[in-house]
There are 4 protein chains.
Amino acid sequence: MTRRALLMLQIVTGDPRPITRQITDGIKRQIAGGDLLPGDALPSVRGLAQQLSINPNTVAKAYAELTAEGWLLSRTGLGLFVAEQRQRLSDEERERRLAEAVDRFVSDVIGLDYPQQTILDRVAADLSNYETKKTA
Amino acid sequence: MTRRALLMLQIVTGDPRPITRQITDGIKRQIAGGDLLPGDALPSVRGLAQQLSINPNTVAKAYAELTAEGWLLSRTGLGLFVAEQRQRLSDEERERRLAEAVDRFVSDVIGLDYPQQTILDRVAADLSNYETKKTA
Amino acid sequence: MTRRALLMLQIVTGDPRPITRQITDGIKRQIAGGDLLPGDALPSVRGLAQQLSINPNTVAKAYAELTAEGWLLSRTGLGLFVAEQRQRLSDEERERRLAEAVDRFVSDVIGLDYPQQTILDRVAADLSNYETKKTA
Amino acid sequence: MTRRALLMLQIVTGDPRPITRQITDGIKRQIAGGDLLPGDALPSVRGLAQQLSINPNTVAKAYAELTAEGWLLSRTGLGLFVAEQRQRLSDEERERRLAEAVDRFVSDVIGLDYPQQTILDRVAADLSNYETKKTA
DNA sequence: GTGGTCTAGACCACG
DNA sequence: GTGGTCTAGACCACT
């Protein structure tokens with residue numbers, strides 16, 4: 001039996017991230033946080049597009065990216081489902097991506113004049129939403 | 001007396017960041033890290049463009065952004081200098097930028113499957129390069 | 001100095017593969033075969049679309065897939081370039097993909113009534129186009 | 001005397017192949033491997049559909065494809081049976097299919113960075129499951 | 001009904 | 001000039 005996910009997503013027009021990114025980020029977080037479990041069915045492309053009042057192609061693109069990255073699994077005619085999570089990337093690639101993300105993040109927050117600890121706390125707070133739920 | 005900065009900058013072709021961003025990031029980090037001091041003069045647009053083998057327009061754009069954000073100060077006829085103290089952003093703007101950066105960062109590293117502590121350590125390590133130098 | 005690649009590609013309408021796949025396959029083979037070297041610039045999206053008489057979006061999609069898979073590197077405003085090849089996938093993922101490809105291939109050729117050796121020779125012939133050139 | 005085949009088939013949800021393809025592949029392999037012999041009766045459309053918990057239309061479509069390709073033989077009122085000998089495809093068609101399969105396979109495994117010999121060994125191993133049984 | 005592909009054309013950021 | 005995003009609508013295969 002497959003659960004049909006509700007997907008609490010909302011598109012924010014003022015968000016600097018492109019719509020596709022907002023969708024992929026939202027879904028990744030829900031999977032990482034345990035709100036979406038492997039095997040769960042996602043809303044249909046057309047359905048989510050209507051719900052968010054955006055073009056179906058935009059949803060399809062977001063879904064395609066998540067599928068390519070191994071988060072989702074497409075079963076033609078049936079729909080899209082949350083995939084079993086597995087380690088797809090090599091250690092070198094993971095390290096490279098972490099380094100890149102850290103570099104970008106630090107460049108972003110430099111000059112905002114926040115104490116280092118404040119920044120770390122904020123990251124930890126956001127991050128811990130996922131660590132804990134996944135192991136629960 | 002004004003120091004004429006050397007600007008140890010290099011454009012990395014493999015870097016996903018646009019060139020403008022690479023320049024602004026590099027300069028911001030050098031100022032935050034104390035390698036560039038208030039009053040130091042920056043290389044001329046043409047000079048830096050030649051040094052980096054890129055289009056002068058790109059350098060000019062990077063300088064313009066840094067000036068707009070208060071990192072640099074233009075003294076007409078003399079060139080650009082590191083500003084005495086940066087123009088403070090409003091608290092709302094600072095908070096907005098921090099939240100956005102954290103959000104993006106967490107989305108980037110989710111799914112890389114690193115322990116939370118590892119991620120925090122990496123951020124702290126990069127961040128502390130600047131904290132310490134600034135207070136020194 | 002960057003080479004601007006010629007890209008001997010042609011779209012075959014009778015080909016069962018979608019156009020996007022024909023493009024990605026063709027480029028992957030040229031990279032794997034050493035006809036395209038890291039750093040080489042690819043034809044522009046619009047240019048290749050015109051050359052192949054297809055929609056620019058189709059080319060863009062093919063390029064985007066190759067970029068996501070690490071074959072190409074996008075430098076906004078400059079164009080797309082052949083990336084340095086590195087091991088992006090974990091050993092488990094590589095093994096999984098190989099197994100899947102073998103399984104599909106065998107299913108495809110079963111019942112064609114070719115001797116096993118004939119099939120292997122054909123695979124070897126195609127495969128060796130790339131192995132040898134890469135090490136050369 | 002006709003044997004009623006058991007058909008050790010199972011639909012794998014994680015499989016990227018459409019369900020119809022999973023069925024046809026499975027049956028073809030069992031025939032090629034000698035597990036299903038000419039004259040053996042196949043499970044009814046409804047029975048197999050129920051056994052696999054899938055839509056009867058899907059089973060019917062798979063059976064229709066196999067019948068069209070000469071693997072199965074329909075005896076009206078009695079059901080479907082494994083054909084005595086498959087209808088031979090034209091040499092041109094066989095060659096076309098082999099070339100297409102090889103082309104696709106090589107495109108799939110390029111970039112996985114396996115030594116050519118490893119790939120060939122894997123294909124040979126899978127392939128020999130059928131060659132040997134058929135000649136035995 | 002489902003997702004996937006392709007076309008067409010507009011708009012934006014970067015160099 | 002470059003690629004990237006989004007919209008709109010047509011067509012196909014699979015269930």
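Note that these values count all heavy atoms, side chains included, but never hydrogens, waters or copies made by symmetry. Within every chain, numbering begins at 1; the chains are lettered A, B, ... in the order of the sequence lines, protein sequences first and strands thereafter.
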Rounded to whole Å, the CD-P distance (C/Q50 to E/dA8) equals 13 Å

Length of the CG-P vector between A/D15 and E/dC12, whole Å: 18 Å

Output the single nucleotide from E/dA8, F/dT7, E/dC14 whose closest atom is nearest the side chain of C/N55. E/dA8

Which nucleotide, if any, forms a Watson-Crick or G-U wobble pair with E/dC14, using both distances under 3.5 Å? F/dG1

Is A/S74 close enough to E/dG4 that one of its side-chain N or O atoms is under 4.0 Å from OP1 or OP2 there? yes

Check whether any side-chain N or O of D/K61 sits under 4.0 Å from OP1 or OP2 of F/dT15, and answer yes or no. no

Please report the C-alpha distance between B/E100 and B/R97 in whole Å, then the side-chain angles of each, then the deciding distance to 0.1 Å, and finally whether the salt bridge (charged side-chain N to carboxylate O under 4.0 Å, His left out) criterion is met. CA-CA 5 Å; B/E100 182 181 311; B/R97 293 200 188 190; over 6 Å; no

Considering only heavy side-chain atoms of A/R46, the closest of E/dG4, F/dC6, E/dT5 is E/dG4

Between CG of B/L48 and P of E/dG15 the distance, given in whole Å, is 14 Å

Under 4.0 Å between any heavy atoms, over every strand shown, what does C/R75 touch: base, sugar-phosphate, or nothing? Just pick one. nothing

Just call it for D/I54: base, sugar-phosphate, or nothing, with non-hydrogen atoms closer than 4.0 Å on any strand. nothing

B/T20 or A/A64: which one's nearest nucleotide on DNA chain E is closer to the 5' end? A/A64

What contact category does B/N57 fall into here, base, sugar-phosphate, or nothing, at under 4.0 angstrom with non-hydrogen atoms? nothing

Looking only at atom types and distance, does a side-chain atom of B/Q22 sit under 3.5 Å from a main-chain N or O of B/R17, one as donor and one as acceptor? yes

Whole-Å distance separating the CD1 atom of C/I11 from the C1' atom of E/dC6: 12 Å

Within the side chain of A/R94, is there an N or O that forms a donor-acceptor pair under 3.5 Å with the backbone of B/L112? yes

For the side chain of C/T58, counting heavy atoms from C-beta on, which of F/dC6, E/dT7, E/dC14 is nearest? E/dT7

Measure the distance from CZ on B/R21 to P on F/dG4 and round it to the nearest whole Å. 18 Å

Value in whole Å for how far the P atom of F/dC6 lies from OH of A/Y63: 15 Å

Relative to the 5' end of DNA chain F, which residue comes earlier, A/P56 or C/G79, by the nucleotide with the nearest heavy atom? C/G79

Could you work out which one of E/dT5, F/dT7, F/dC14 sits closest to the side chain of C/P18? E/dT5

Between D/R29 and D/D25, is there a salt bridge with N-O shorter than 4.0 Å? no

Distance check needed: F/dT5 P versus A/Q22 CD, whole Å only. 13 Å

Spacing of A/R17 atom CZ relative to F/dC6 atom P, expressed in whole Å: 12 Å

Quick check: does any side chain N or O of A/R88 sit under 3.5 Å from a backbone N or O of A/E69, one acting as donor and the other as acceptor? yes

